[in-house]
Amino acid sequence: MENGSLPRHVAVIMDGNGRWAKKRGLPRTLGHKAGTENVRRIVKYCSKKGIKYLTVYAFSTENFRRPQDEVGALMRLLIQYFNNETDELKENGVRLNVIGDISEFQPKVREAIQNGLDKTKDCDGLVFTIALAYGARAEIVRAVKSIIDEGCEVTEETVSKHLYTFDMPDPDLIIRTSGEERLSNFLLYQAAYSEFYFTKTLWPDFDESEMDKALEEFAKRDRRYGGV
Ligand code: FPP
């Protein structure tokens, strides 16, 4: 594939961990563990491919409503990820970034996240953004409030610049795994001209060859941004 048709920013709704586990008679938390291992694999692959921005939806504002033990397991996986992966990410030039309101997370989760962000802040390869306690409507409301507080003019540009994603290009390609075909409050404003790719493959099974299929499909799309 020629580089011109490679998306600059790929965003992923990582769905289907629970079903992956259920199919194997395993607890849901093991599905999330397998999902985390796949995050590792896909980050490496996108970095190798020369994709500049990868954003994943790891925990929505709605996910707080899941049973406490599942939320706890997800938090432990996040702590492990930030504690154990950061050195390797740094070696590969990956800069970690987080979007969302993590103020509701426990201090030890926030600390692990902050350490990861600090350690990789000077990396200039792939920007790997993890959406945590993220909801797009809340993000837009927050942006509008800060525009009002600052007394700025409300324009498409100022709204963009007050979103969590102020320093990133909009996603070119949004992938959702596991057969659901909706955005579920992810990057609503930023997705205005994104291409969508849906696959029945469950997130833990979405490997390098599945990513290649998505990238090939993207390369075939004719993006007109409302023009002709
Ligand atoms: C959706 O599957 C997945 C989630 C709600 C969590 C995604 C989290 C991870 C992959 C792990 C942590 C991430 C990082 C970046 C370290 P689901 O539980 O809704 O699956 P189901 O629809 O089959 O039940």
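For ligands, and for the atoms within them, numbers begin at 1 and follow the listed sequence. Along the sequence shown, residues are numbered consecutively beginning with 1. Values in this document were obtained by computation on a predicted structure and should not be read as measured data.
His9 and Asp172 share no side-chain donor-acceptor pair at under 3.5 Å. No side-chain N or O of Asp101 forms a donor-acceptor pair with one of Tyr134 less than 3.5 Å apart. Between the side chains of Glu139 and Gln190, a donor-acceptor pair is found at a separation under 3.5 Å. Side chains of Thr29 and Arg76: a donor-acceptor N/O pair is absent below 3.5 angstrom, by distance only.
Between Ser178 and ligand 1 there is no heavy-atom distance shorter than 4.0 Å. Under the 4.0 angstrom criterion for non-hydrogen atoms, Ile130 is in contact with ligand 1.
For Asp15, a nitrogen or oxygen atom sits less than 3.5 Å from a nitrogen or oxygen atom of ligand 1, counting backbone and side chain alike. The shortest N/O to N/O separation between Arg19 and ligand 1 falls below 3.5 Å. For ligand 1, the polar-atom distance check finds no N/O of Trp203 at less than 3.5 Å from any of the ligand's N/O atoms. The N/O atoms of Arg28, backbone and side chain alike, include one that comes under 3.5 Å of an N/O atom in ligand 1. For ligand 1, one of its N or O atoms has an N or O atom of Gly18 under 3.5 Å away.
When each of Val43, Asn38, Val39 is paired with Arg41, the side chain to side chain contact (heavy atoms under 4.5 Å, CB included) condition holds for Asn38 and for no other.
Surrounding NZ of Lys52 are more than 12 heavy atoms belonging to other residues, nucleotides or ligands, all under 6.0 Å away. Counting heavy-atom neighbours within 6.0 Å of Arg137 CZ, excluding the residue itself, gives a total of 12 or less. Taking a 6.0 Å sphere around CZ of Phe64, one finds it holds more than 12 heavy atoms contributed by other residues, nucleotides or ligands.
Those atoms of ligand 1 with a heavy atom of Arg66 less than 4.0 angstrom away are 5 (C), 17 (P), 18 (O), 19 (O). Those atoms of ligand 1 with a heavy atom of Ala58 less than 4.0 angstrom away are 6 (C), 7 (C), 8 (C), 13 (C).
Protein heavy atom at the shortest distance from atom 16 (C) of ligand 1 is Tyr81 CG, 3.5 Å. Ranking protein heavy atoms by distance to atom 3 (C) of ligand 1, first place goes to Met14 O, 3.1 Å. Closest to atom 4 (C) of ligand 1, if we only count protein heavy atoms, is His32 CE1, 4.0 Å. Scanning the protein heavy atoms around atom 12 (C) of ligand 1, the nearest turns out to be Thr36 OG1, 3.7 Å.
Within the 4.0 Å heavy-atom criterion, the part of Asn63 lying near ligand 1 is the side chain and not the backbone.
Qualifying ring-ring contact (aromatic ring centres under 6.0 Å, His included) partners for Tyr189, counting only residues two or more places apart in sequence or in other chains: none.
Side-chain heavy-atom separations under 4.5 angstrom define the hydrophobic clusters, and the remaining members of the one that includes Leu30 are Trp20, Leu26, Leu202.
Looking at Ile42, Val39, Asn17, it is Asn17 that brings a heavy atom closest to atom 2 (O) of ligand 1.
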